[in-house]
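What you see is a predicted model; the values in this text were computed from it and never measured.
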Amino acid sequence: MKNNIRQGGFTLIELLVVLAIIGLLAGLVGPQVMKHLGGAKTKAAKVQIEDLAGALDMYRMDTGRYPTSSEGLKALVEKPSGARAWNGPYLRKNKIPLDPWMYDYRYTSPGEHGRFDLYSYGADNASGGEGEDQDVNSWE
């Protein structure tokens with residue numbers, strides 16, 4: 001008796017066709033996903049700036065002033081020497097968050113655009129830019 005068992009599997013051509021289709025899909029979908037990812041980071045930076053601005057307002061309500069530029073955002077988690085009635089820390093995790101691109105937020109007080117300026121330079125960490133490189137700030 002002869003055993004006529006045929007083993008199933010994929011041919012090389014079938015595998016190449018599948019790989020070509022996956023490559024085409026990655027080429028079409030990949031840039032769209034990356035575009036939305038950059039927009040999500042900008043939105044996350046806006047939300048973090050709003051949260052930090054709220055913490056700065058709470059600091060001002062307790063101490064009667066915003067932290068100076070030299071005290072910086074660190075005043076939200078550690079009592080500055082000149083702050084009276086400090087009731088912090090004003091941030092939940094007791095640390096100052098980095099922006100979504102892993103850079104420090106910039107803070108000046110008094111600011112050019114208000115009582116304080118709080119901003120991120122975006123992905124390129126340089127003033128100006130478009131898309132993911134655009135600046136995100138507290139005054140617009």
Side-chain angles (χ1 to χ4, degrees):
M1 225 177 357
K2 215 176 192 186
N3 231 349
N4 287 337
I5 298 175
R6 184 170 181 216
Q7 292 187 349
F10 296 107
T11 66
L12 180 60
I13 292 176
E14 290 171 329
L15 289 174
L16 289 174
V17 168
V18 169
L19 288 174
I21 291 171
I22 291 172
L24 283 171
L25 287 173
L28 295 172
V29 174
Q32 297 300 320
V33 170
M34 294 308 288
K35 180 175 73 173
H36 290 292
L37 179 62
K41 285 187 175 186
T42 300
K43 289 177 185 172
K46 288 179 184 178
V47 168
Q48 279 185 323
I49 285 175
E50 288 177 17
D51 287 346
L52 288 169
L56 287 164
D57 287 338
M58 289 175 54
Y59 177 95
R60 182 179 160 264
M61 286 190 324
D62 288 345
T63 64
R65 64 175 180 84
Y66 287 106
T68 64
S69 294
S70 61
E71 292 170 339
L73 295 175
K74 190 175 183 179
L76 296 174
V77 293
E78 294 178 13
K79 181 179 180 180
S81 60
R84 58 179 171 80
W86 188 85
N87 196 26
Y90 297 92
L91 298 176
R92 283 188 208 153
K93 295 185 179 180
N94 292 338
K95 69 177 193 170
I96 303 156
L98 298 175
D99 71 12
W101 302 277
M102 305 312 288
Y103 298 113
D104 289 326
Y105 282 102
R106 289 162 166 59
Y107 171 79
T108 55
S109 178
E112 293 179 25
H113 305 280
R115 294 185 179 191
F116 62 86
D117 290 350
L118 181 58
Y119 54 99
S120 166
Y121 279 145
D124 63 354
N125 202 30
S127 183
E130 294 180 12
E132 197 174 342
D133 294 337
Q134 71 181 323
D135 299 349
V136 182
N137 54 55
S138 62
W139 58 88
E140 288 181 357

How long is the gap from [atom1] on [X] to [atom2] on [Y], to the nearest 0.5 Å?
{"X": "Met102", "Y": "Lys41", "atom1": "CE", "atom2": "NZ", "value": "9.0 Å"}
{"X": "Ser120", "Y": "Gln134", "atom1": "OG", "atom2": "CD", "value": "10.0 Å"}
{"X": "Asp51", "Y": "Lys46", "atom1": "CG", "atom2": "NZ", "value": "14.5 Å"}

Leu91 and Leu52: CA distance, side-chain angles, deciding distance, side chain to side chain contact (heavy atoms under 4.5 Å, CB included) verdict: CA-CA 8 Å; Leu91 298 176; Leu52 288 169; 3.9 Å; yes

ILVMFWY cluster, Ile49 and Tyr121 together (side-chain gap under 4.5 Å): no

Work out which heavy atom in [X] is nearest to a heavy atom in [Y]; give both atom names and the distance.
{"X": "Glu112", "Y": "Asp117", "answer": "N-OD2, 2.8 Å"}
{"X": "Pro80", "Y": "Ala75", "answer": "CG-CB, 3.5 Å"}
{"X": "Leu118", "Y": "Tyr107", "answer": "CD1-CB, 4.2 Å"}
{"X": "Gly128", "Y": "Asp135", "answer": "N-OD2, 3.0 Å"}
{"X": "Pro100", "Y": "Ala44", "answer": "CG-CB, 3.9 Å"}
{"X": "Asp133", "Y": "Ala123", "answer": "OD1-CB, 3.4 Å"}

More than 12 heavy atoms of other groups within 6.0 Å of Leu25 CG: yes

CZ/Arg115: more than 12 non-hydrogen atoms of other groups inside 6.0 Å: no

Members besides Ile22 in its Ile/Leu/Val/Met/Phe/Trp/Tyr cluster (side-chain heavy atoms under 4.5 Å):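 Via sub-4.5 Å side-chain contacts, Ile22 links to Val18.
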
Are any of the side-chain heavy atoms of [X] and [Y] separated by less than 4.5 Å?
{"X": "Tyr119", "Y": "Ser138", "value": "no"}
{"X": "Arg65", "Y": "Tyr59", "value": "yes"}
{"X": "Leu73", "Y": "Pro67", "value": "no"}

Donor-acceptor pair, side chain of Ser109 and main chain of Gly111, under 3.5 angstrom: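 No.
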
Expected output: side-chain Thr63 to main-chain Arg84 donor-acceptor under 3.5 Å: no

Residue among Tyr66, Trp139, Tyr105 satisfying ring pair (Phe, Tyr, Trp, His ring centres under 6.0 Å) with Phe116: Tyr66

Of all residues at least two apart in sequence or in a different chain, which pass the side-chain contact (heavy atoms from CB on, under 4.5 Å) check with [X]?
{"X": "Glu14", "result": "Phe10, Thr11"}
{"X": "Asn94", "result": "Pro89"}
{"X": "Lys74", "result": "Glu78, Ile96"}

Inter- and intrachain pairs under salt bridge (Lys or Arg N to Asp or Glu O under 4.0 Å), touching residues 86-104, at least two apart: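 Residue pairs passing salt bridge (Lys or Arg N to Asp or Glu O under 4.0 Å), neighbours aside: none found.
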
Residue list, salt bridge (charged side-chain N to carboxylate O under 4.0 Å, His left out) with Arg60, at least two apart or on another chain: none

Stepwise side chain to side chain contact (heavy atoms under 4.5 Å, CB included) test for Asp62 and Tyr90: CA-CA 10 Å; Asp62 288 345; Tyr90 297 92; 2.7 Å; yes

Residues Trp101, Thr42; criterion side chain to side chain contact (heavy atoms under 4.5 Å, CB included); working and verdict: CA-CA 9 Å; Trp101 302 277; Thr42 300; 4.0 Å; yes

